[in-house]
Amino acid sequence: FPIRNRIIAGMCSNIIVVESNESGGSMITAHMGNEYGRNVLAVPGRIDQGASKGCHTLIRQGATLVSCMDHILEELNYSRQRALEFDEPKVEFEEEVFKDPVERCVVNFLREKGSASLDEISETLTIPIHHLLPRLKLLELHRTVQCDRDGSYIYGKH
């Protein structure tokens, strides 16, 4: 597991430890992340709980204390307002099957591109993932798009 933890620490830009004893795998990941220059955040817990001791140790060692979602978003330089509001795309689609503008936009994009990852769709169409994912799941249920084994979305039935 330490090898896995090293890989995870290398892949992340931020590491948030919610609960860990002092010798837990999360502590290994946090220490590796610290070595890699990653931002380490820790959620404090009850002082009489062993599962909180790791977080308390990290905070004493300089990890950023976070106790609510706003603290985490602040550390990630993420605007909650930006995540909750976005301009829905205004895209025409020749079939009136898709009344939702986001669905129309996604279908048009995938028809042109063929396939794309969730991140690519979100970035290209400037639609937050939490708005995009439920629509993609609905399109999957309607068999308009399909999620491939590699996680990319494909237009049409395959």
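- Between the NZ atom in K137 and the CG atom in L133 there is a gap of 5.5 Å [rounded to 0.5 Å].
- Atoms CG and OG, on L132 and S122 in that order, are 6.0 Å from each other to the nearest 0.5 Å.
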Chi angles and distances behind the side chain to side chain contact (heavy atoms under 4.5 Å, CB included) call for I129, D119: CA-CA 8 Å; I129 287 177; D119 287 336; 3.3 Å; yes
Go through it in stages, so that I can follow the logic: the residues are E120 and K113, the test is side chain to side chain contact (heavy atoms under 4.5 Å, CB included), and I'd like the CA-CA distance, side-chain angles, deciding distance and then a yes or no. CA-CA 11 Å; E120 184 179 358; K113 179 114 172 126; 2.6 Å; yes
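- From L141, atom CG reaches atom CG of L136 across 11.0 Å, with rounding to the nearest 0.5 Å.
- At most 12 heavy atoms of other shown residues, nucleotides or ligands fall within 6.0 angstrom of atom CD1 in I47.
- Between V17 and S20 there is a side-chain heavy-atom pair separated by less than 4.5 Å.
- To the nearest 0.5 angstrom, E75 atom CD is 10.0 Å from L65 atom CG.
- When all heavy atoms are compared, the tightest approach of C147 to E140 is CB-OE2, 3.4 Å.
- Residues V145 and L138 do not share a hydrophobic cluster, clusters being chains of Ile/Leu/Val/Met/Phe/Trp/Tyr side chains in contact below 4.5 Å.
- Two residues are said to be in side-chain contact when any heavy atoms from C-beta on lie closer than 4.5 Å; D148 and Y153 fail this criterion.
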Would you give me the side-chain donor-acceptor pairs under 3.5 Å for residues 3-16, sequence neighbours excluded?
unit_1, atom_1, unit_2, atom_2, d
N5, ND2, G25, O, 3.2
R6, NH1, Y36, OH, 2.9
N14, OD1, N39, ND2, 3.0

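- In this model, a donor atom of one side chain and an acceptor atom of the other lie less than 3.5 Å apart for D150 and S152.
- Proximity of L139 to V107: side-chain heavy atoms (C-beta onward) are separated by under 4.5 Å at one or more points.
- The minimum heavy-atom distance linking F109 with I121 is given by the pair CE2-CG1, 3.8 Å.
- The two atoms that bring M27 and N21 nearest to each other are CG-O, 3.2 Å, heavy atoms only.
- Side-chain contact between L110 and S115: absent, with no pair of heavy atoms (C-beta onward) separated by less than 4.5 Å.
- The distance from atom CG of L58 to atom CD of E22, rounded to the nearest 0.5 Å, is 9.5 Å.
- Put simply, the side chain of H131 never gets that close to the backbone of I127: no donor and acceptor are under 3.5 Å apart.
- The shortest heavy-atom contact between R46 and H56 is O-CE1, 3.7 Å.
- Side-chain contact between Q61 and H31 is present, with at least one heavy-atom pair separated by less than 4.5 Å.
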Between E19 and V43, is a side chain to side chain contact (heavy atoms under 4.5 Å, CB included) present by the stated rule, with each step listed? CA-CA 7 Å; E19 213 173 60; V43 178; over 6 Å; no
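- Closest of all the heavy-atom pairs between C55 and A42 is O-CB, 3.8 Å.
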Stepwise side chain to side chain contact (heavy atoms under 4.5 Å, CB included) test for T64 and V40: CA-CA 6 Å; T64 302; V40 178; over 6 Å; no
